[in-house]
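Sequence lines set the chain letters: A, B, ... in the order given, protein chains first and strands last, and positions in each chain run from 1. It should be emphasised that the depicted structure is a prediction, and the values quoted were computed from it without experimental measurement. Keep in mind that the numbers below use all heavy atoms, side chains included, and drop hydrogens, waters and symmetry copies.
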There are 2 protein chains.
Amino acid sequence: MSRSETTRDRLLHHARTLLWTHGYSNVSLRQIAAAAGVDVALIARYFGSKRGLFEATLDGAFDLPPVTSETALVDMVVALFTTSPCGETAPTVLQLLLMNAHDEQVGGAVRAAHHTGMQSRLDRLLGDPRRAALFMAAVLGMSVAEKSLRLPGIGPHDTHDYAAQLRHMLGAALSFAR
Amino acid sequence: MSRSETTRDRLLHHARTLLWTHGYSNVSLRQIAAAAGVDVALIARYFGSKRGLFEATLDGAFDLPPVTSETALVDMVVALFTTSPCGETAPTVLQLLLMNAHDEQVGGAVRAAHHTGMQSRLDRLLGDPRRAALFMAAVLGMSVAEKSLRLPGIGPHDTHDYAAQLRHMLGAALSFAR
DNA sequence: CGGTCATGTCAACGGTTGTTGACAACATTC
DNA sequence: GAATGTTGTCAACAACCGTTGACATGACCG
């Protein structure tokens, strides 16, 4: 790996961590560069602009392992929203997804990444965009209520329990979706 | 109403509109003042700081009409998340709620307002924090999936349909919540 | 060794931010 | 009408922002 690639990866890693957890406009390029231990100007060199860096951050963010079973895919989605993908202080996919709420440009990129990386596969495997959307809504609701809103009535669930409940909820949602 | 109260209310109104829809750090005090047609310095006079203005914005944001029936309260919550409270370009409560995701200080204020204004009443009327949290998760999931993530599989539902589905979902959620 | 390209450093640019204090215009009360 | 307190205006502050270009340093190849 060339020298430039390692610093590029370092920038990408810390950009993901900081931007996803604290939001696009709450983190400056100087903070990211400082966390990565490199100069600010290198961001412009490697990613062009702040938006370019953020969009590079979206690469493969919603990718799922290549499973073919319906329940396996569902479990993968639940797992992706339940656990931090890499490490303890790592940002969650949920926080990335919620970045779309208040910024039209950032939101468009996030929605596009989610659709091509995750939702389209759900559509295909669950057979119906409506079923997939309702399942996504169930996962989102649980995640937002627990992780973002921190409702005392929910969690901390262990992953198994959580997935089981969501699968149950999925069954209910799909039953009235027909 | 004194002169100062009207300009205070104008500031509050436009602050709500702009801050809730575009996020805390995406809107400057100068934009808010310009929208309200007053000088920037008046914000400091009436609200002390940007945070003070935002927190004044939270006043009564999650308040619900004083109903006592369980289903009536549930309908009120659904209605609050489904419709814009005042006018077409008005910001939604959902956007306010999602502001808690990426800013710890702002998020704390939002969560507190939501808890005292809405969740505590749900806890009381539904009898169980767990039931209330699961209901909230269902409403949140539907709202985020439709309004924020804009999943093509969901909506646009007319309000009646939407509420009916959520009430059905509530039944399912509550059934496996015991 | 000398030349060439990749990589990193530094300083600065114009613009915007939240906040402050001095001052003018106005209304109210004596 | 004069004095007083309220309400609004203006200019400025220091700090930070994303972005740019010039320059130093390193690696690599002929």
Side-chain angles (χ1 to χ4, degrees), chain A residues 1-59 96 99 102-110, chain B residues 1-59 96 99 102-110:
Chain A
M1 173 157 22
S2 71
R3 206 152 53 97
S4 69
E5 276 176 292
T6 70
T7 68
R8 217 191 98 106
D9 285 355
R10 286 171 59 85
L11 276 171
L12 214 44
H13 169 73
H14 289 93
R16 222 184 318 259
T17 301
L18 290 172
L19 289 177
W20 289 15
T21 61
H22 299 111
Y24 186 83
S25 47
N26 287 328
V27 178
S28 69
L29 294 185
R30 284 174 170 86
Q31 294 178 47
I32 299 175
V38 306
D39 195 277
V40 208
L42 290 185
I43 294 180
R45 183 194 297 282
Y46 288 126
F47 302 97
S49 64
K50 187 179 187 181
R51 179 134 301 142
L53 172 60
F54 172 66
E55 286 174 6
T57 272
L58 296 176
D59 222 42
L96 169 61
M99 289 181 70
H102 301 103
D103 188 305
E104 202 48 46
Q105 300 211 45
V106 168
V110 171
Chain B
M1 170 156 28
S2 70
R3 205 153 52 98
S4 69
E5 278 176 292
T6 71
T7 68
R8 216 192 98 105
D9 286 355
R10 287 172 58 85
L11 275 171
L12 214 45
H13 169 74
H14 289 92
R16 222 183 317 260
T17 301
L18 290 172
L19 288 178
W20 289 14
T21 62
H22 298 111
Y24 186 81
S25 47
N26 288 328
V27 178
S28 71
L29 294 184
R30 285 173 170 85
Q31 294 178 45
I32 298 175
V38 307
D39 194 277
V40 207
L42 291 184
I43 295 181
R45 183 195 297 282
Y46 289 126
F47 302 96
S49 64
K50 187 180 187 180
R51 192 155 310 263
L53 172 60
F54 171 66
E55 286 174 5
T57 273
L58 295 176
D59 222 41
L96 169 61
M99 288 180 71
H102 300 102
D103 188 304
E104 202 49 45
Q105 300 211 46
V106 167
V110 171

> What integer distance in Å separates B:Asn26:CG from D:dG18:P?
Replying inline: 12 Å

> In Å and rounded to the nearest 0.5 Å, what is the OG to NE2 distance from B:Ser25 to A:His102?
Replying inline: 10.0 Å

> For nucleotides 10-24 of chain C, read 5' to 3', which letter fits each nucleotide if B means a protein heavy atom sits under 4.0 Å from the base, S means only the sugar-phosphate is that close, and - means neither?
Replying inline: B-B----BBBBB---

> side-chain contact (heavy atoms from CB on, under 4.5 Å) with A:Thr57: which of A:Leu12, A:Leu11, A:Thr17, A:Leu18?
Replying inline: A:Leu12

> Between CG of B:Leu42 and CG of B:Leu53, what distance do you get to the nearest 0.5 Å?
Replying inline: 12.0 Å

> How long is the gap from CG on A:Leu29 to CG on A:Leu19, to the nearest 0.5 Å?
Replying inline: 8.0 Å

> Nearest-Å distance, CD1 (B:Ile43) to P (D:dT9)?
Replying inline: 13 Å

> What is the distance from atom CD of B:Glu55 to atom CD of B:Gln105, rounded to the nearest 0.5 Å?
Replying inline: 9.0 Å

> Roughly how many Å is it from CD1 in A:Ile32 to P in D:dT19, rounded to a whole number?
Replying inline: 11 Å

> If you round to the nearest 0.5 Å, how far is CZ of B:Phe54 from CG of B:Leu96?
Replying inline: 5.5 Å

> Can you find a side chain N or O atom of A:Thr7 that sits less than 4.0 Å from OP1 or OP2 on C:dT7?
Replying inline: no

>> In whole Å, I'd like the distance from the CG atom of B:Leu42 to the P atom of C:dC26.
In response: 15 Å

